[in-house]
Amino acid sequence: MLSTQPRSPKPGLLINEIAKLFHDRMRKTSEDLGFQNGYRQILRFLVHEDGVTQIDIARDAHFTAPTISVTLKKMEKEGLIHRRTDKNDTRCSRVFITEKGRELERKLFEKIMDCEEVLAKGLSAEEEETLCRLLTKARDNMLSAMEGEGGTDE
């Protein structure tokens, strides 16, 4: 019987497999630290861009605004973030990370770096740089195609 599988995996299949393995490891890490995996991207973003709008977060995380809204409500209830009405536009609220959120993000970042070490094990600095450059191109291609099709979503 002839196989329809290619002898060598195509880039998309490898990226998908690596992403799933990374996601599974990060989900387990999140659970071990006592929070939902979906918080990871939001906490990372807020550490670098504190005081942004919900729409900014949705755009960065590639999630819909309603998904971010639900997640932010949970995070606020857990004391990881707080929201304040924008001083210049009362229709808009700004999202800020709390000290509890920062501490959780610090712990998570250590685990992410551990996973990055595993991912890059055996690669030279040049190979790692090349891999990042190629993956960035691939990501940008996908984002561009999705925008042309009507946007991105989770």
Side-chain angles (χ1 to χ4, degrees), residues 11-121 123 125 128-154:
L13 294 174
L14 281 172
I15 290 167
N16 187 53
E17 186 176 1
I18 292 166
K20 183 180 180 334
L21 292 167
F22 191 92
H23 178 79
D24 289 349
R25 187 169 181 158
M26 288 295 94
R27 188 188 74 249
K28 169 97 172 70
T29 297
S30 298
E31 290 169 359
D32 290 349
L33 291 173
F35 73 100
Q36 292 185 18
N37 187 50
Y39 297 178
R40 181 171 32 97
Q41 283 179 279
I42 296 170
L43 290 173
R44 284 292 312 144
F45 185 62
L46 289 174
V47 161
H48 298 287
E49 300 288 334
D50 205 19
V52 295
T53 67
Q54 184 171 307
I55 299 210
D56 294 330
I57 296 169
R59 190 177 306 119
D60 179 76
H62 309 293
F63 290 137
T64 62
T67 298
I68 292 297
S69 179
V70 168
T71 303
L72 290 177
K73 283 179 187 170
K74 291 177 185 176
M75 292 176 75
E76 193 167 30
K77 188 175 181 181
E78 293 179 32
L80 302 174
I81 59 130
H82 67 273
R83 293 186 261 194
R84 280 187 259 161
T85 302
D86 188 290
K87 295 174 187 170
N88 300 319
D89 183 356
T90 57
R91 298 169 297 166
C92 177
S93 71
R94 300 262 168 201
V95 182
F96 297 88
I97 190 168
T98 64
E99 190 52 43
K100 181 179 178 181
R102 285 183 191 285
E103 181 58 32
L104 191 56
E105 193 282 329
R106 276 190 284 274
K107 290 176 184 176
L108 180 61
F109 186 70
E110 289 174 15
K111 300 296 184 183
I112 290 171
M113 290 299 96
D114 291 345
C115 197
E116 288 286 348
E117 281 185 37
V118 169
L119 187 67
K121 185 178 178 184
L123 297 179
E128 188 174 347
E129 185 177 312
T130 299
L131 178 61
C132 286
R133 186 174 39 76
L134 294 171
L135 289 172
T136 299
K137 269 187 183 180
R139 182 208 52 212
D140 292 348
N141 289 343
M142 292 301 293
L143 286 171
S144 179
M146 291 174 76
E147 288 168 2
E149 295 168 358
T152 60
D153 195 5
E154 49 186 309

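Given the structure is predicted, the values throughout are model-derived calculations rather than measurements.
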Applying side chain to side chain donor-acceptor pair (under 3.5 Å), name anything that partners R133, two or more places apart in sequence or on another chain.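 Not a single residue meets the side chain to side chain donor-acceptor pair (under 3.5 Å) criterion with R133.
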Take atom CD of E17 as the centre, draw a 6.0 Å sphere, and report whether it contains more than 12 heavy atoms from other residues, nucleotides or ligands.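 Check fails, neighbour count at 12 or below.
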With a sphere of 6.0 Å drawn around CG of L119, does it hold more than 12 non-hydrogen atoms of other residues, nucleotides or ligands?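 Yes, because the 6.0 Å sphere around CG of L119 holds more than 12 heavy atoms from other groups.
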Salt bridge flag under 4.0 Å for residues [X] and [Y]:
X	Y	answer
D140	K137	no
E103	R106	yes
D24	K20	yes
K121	E117	no

If we only count heavy atoms from C-beta on, is the [X] to [Y] side-chain gap below 4.5 Å?
X	Y	value
T71	Q36	no
F22	C115	yes
M26	I112	yes
V70	K73	no

For the student: nearest non-hydrogen atoms of [X] and [Y], plus distance:
X	Y	answer
S69	Q54	CB-NE2, 3.3 Å
T67	T64	OG1-OG1, 2.9 Å
R94	G51	CD-O, 2.7 Å

Taking only residues at least two apart or on different chains, which pairs with a member in residues 35-57 satisfy salt bridge (charged side-chain N to carboxylate O under 4.0 Å, His left out)?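 Matches after skipping sequence neighbours: R44-E105, D50-R102, D56-R59.
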Separation of [Y] [atom2] from [X] [atom1] (nearest 0.5 Å):
X	Y	atom1	atom2	answer
L46	H48	CG	NE2	10.5 Å
T98	L43	OG1	CG	8.5 Å
E99	L104	CD	CG	11.5 Å
I55	D60	CD1	CG	13.5 Å
R139	H62	CZ	NE2	6.5 Å
S93	H82	OG	NE2	11.0 Å

From the options I42, I81, T53, select the one residue that forms a side chain to side chain contact (heavy atoms under 4.5 Å, CB included) with V95.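 Of all the options given, the one that passes is I81.
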Any donor-acceptor pair under 3.5 Å from K100 side chain to E78 backbone: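 Between the backbone of E78 and the side chain of K100 there is a qualifying donor-acceptor contact (under 3.5 Å).
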Pairing residues for T90 by the side chain to side chain contact (heavy atoms under 4.5 Å, CB included) criterion, not counting sequence neighbours: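 For T90 the side chain to side chain contact (heavy atoms under 4.5 Å, CB included) partners, ignoring immediate neighbours, are T85.
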